Q: 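Please find one structure pasted underneath; my questions will follow.
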Amino acid sequence: MKIVTWNVNSLKVRLPQVVNWLEANQPDVLCLQETKLQDEFFPVNDIAALGYQSLFIGQKTFNGVALLSKQSGTDAVTAIPNWEDEQKRVLAATYGDVRVICVYVPNGESVESDKYQYKLKWLTALKEWLGKELQQYPRLAVLGDFNIAPEDRDVHDPELWKDQVLCSEPERNAFRELLSLGLADSFRLFEQPEKSYTWWDYRMLAFRRNRGLRIDHILLSNALAGNCKSCVIDKEPRKLERPSDHTPVVAEIA
DNA sequence: ATGGCATGTTACACATGA
């Protein structure tokens, strides 16, 4: 089973790239973040033409997540249960015996911002929910844009980013709390190239200079992590014209 | 040192992202 996460930064703009990527890579489930589409505008037919089904929950202008899959998902959940949130940031569904949860963690803006407090509260709510999901679904994968670089080796310049949003200790603690539920950062199950990142700023030639962060992750429950064969970052789409600022992350599970 | 770039809006600048 091949599962993927990709923050596309507008599915309207990136649809041709997503279509090409799906055709070339044939994942079983592709999790998208920042679709920035209201549900009535979701390109269901373009996706269906490739043999993929769509689940999605979106809103105008911001956020929005989707699951594109070869087989249909069941038991879809479109929000963190019992937690008030205007923003469309999570989508869960079951594919065979694998529970897949797509997340778009709030950015936080800066550690001084109200949005940072919202981010930390959101992560607490996510943890509580994931704990329950793990009990119900031992074969659980949580994929998405976590907007957290877990360790200094996930940051091109740790000194520059020290205590900044995406790298601050409270955020890294929240990430470790998710792992403590019994989830593994699948990327770190394998030997990886140094300076591996999933996001680069559009400005200052950041991609060319590899000034990036690893903030998009695939977390796997123990039952899945033991069968994980690979986890790789696909940098190719970041090289295209009009790329998303994030790259896909791909995990293969036996 | 606070720039720079991309996206969406009902706009002809601003908010948001990371």
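Everything numeric in this text was worked out from a predicted model, so none of it was measured.
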Q: Rounding to an integer number of angstrom, what distance separates B:dG3 and B:dA15 when you compare their P atoms?
A: 14 Å
Q: Just the rounded figure in Å: distance from P of B:dG8 to CD of A:Gln59.
A: 14 Å
Q: Which of these passes side-chain hydrogen bond (donor to acceptor under 3.5 Å, both in side chains) with A:Trp199: A:Asn147, A:Asp245, A:Asp145?
A: A:Asp245
Q: Mind listing the closest non-hydrogen atom pair of A:Gln53 and A:Ser72 along with its distance?
A: OE1-CB, 3.0 Å
Q: Using whole Å, report how far CG of A:Leu32 lies from C1' of B:dT7.
A: 16 Å
Q: Under the side chain to side chain contact (heavy atoms under 4.5 Å, CB included) test against A:Leu67, which residue among A:Leu143, A:Leu91, A:Leu32 passes?
A: A:Leu91
Q: Can you give the donor-acceptor pairs under 3.5 Å from side chains of residues 16-25 of chain A to other protein atoms, not counting sequence neighbours?
A:
unit_1, atom_1, unit_2, atom_2, d
A:Gln17, NE2, A:Glu241, O, 3.0
A:Gln17, NE2, A:Arg242, O, 2.9
A:Asn20, ND2, A:Pro16, O, 3.3
A:Trp21, NE1, A:Asp234, OD2, 2.7
A:Asn25, ND2, A:Trp21, O, 2.9

Q: What is the distance, to the nearest angstrom, from the CG atom on A:Asp157 to the P atom on B:dA1?
A: 17 Å
Q: I want to check one thing: is the phosphate of B:dA6, taken as OP1 and OP2, less than 4.0 Å away from some side-chain N or O of A:Ser10?
A: no
Q: Using whole Å, what does the distance between atom C1' of nucleotide B:dC5 and atom CZ of A:Arg14 come to?
A: 12 Å
Q: Shortest non-hydrogen contact from A:Trp200 to A:Arg238?
A: O-NH2, 2.8 Å
Q: Taking the P atom in each of B:dT2 and B:dC12, what is the distance between them to the nearest angstrom?
A: 27 Å
Q: Which whole number of Å gives the distance between the C1' atom of B:dA18 and that of B:dA6?
A: 12 Å
Q: Please output the side-chain donor-acceptor pairs of residues 246-254 of chain A that fall under 3.5 Å, not counting sequence neighbours, one pair per line with the distance.
A:
unit_1, atom_1, unit_2, atom_2, d
A:His246, ND1, A:Asp216, OD1, 2.8
A:His246, ND1, A:Asp216, OD2, 3.2
A:Thr247, OG1, A:Thr198, O, 3.4

Q: How far does the P atom of B:dT10 sit from the matching atom of B:dT16, given to the nearest Å?
A: 14 Å
Q: Within the 4.0 Å limit for protein heavy atoms, which parts of nucleotides 9-18 of chain B are touched? Write it as a string from 5' to 3', B for base, S for sugar-phosphate only, - for none.
A: SS-----SSB
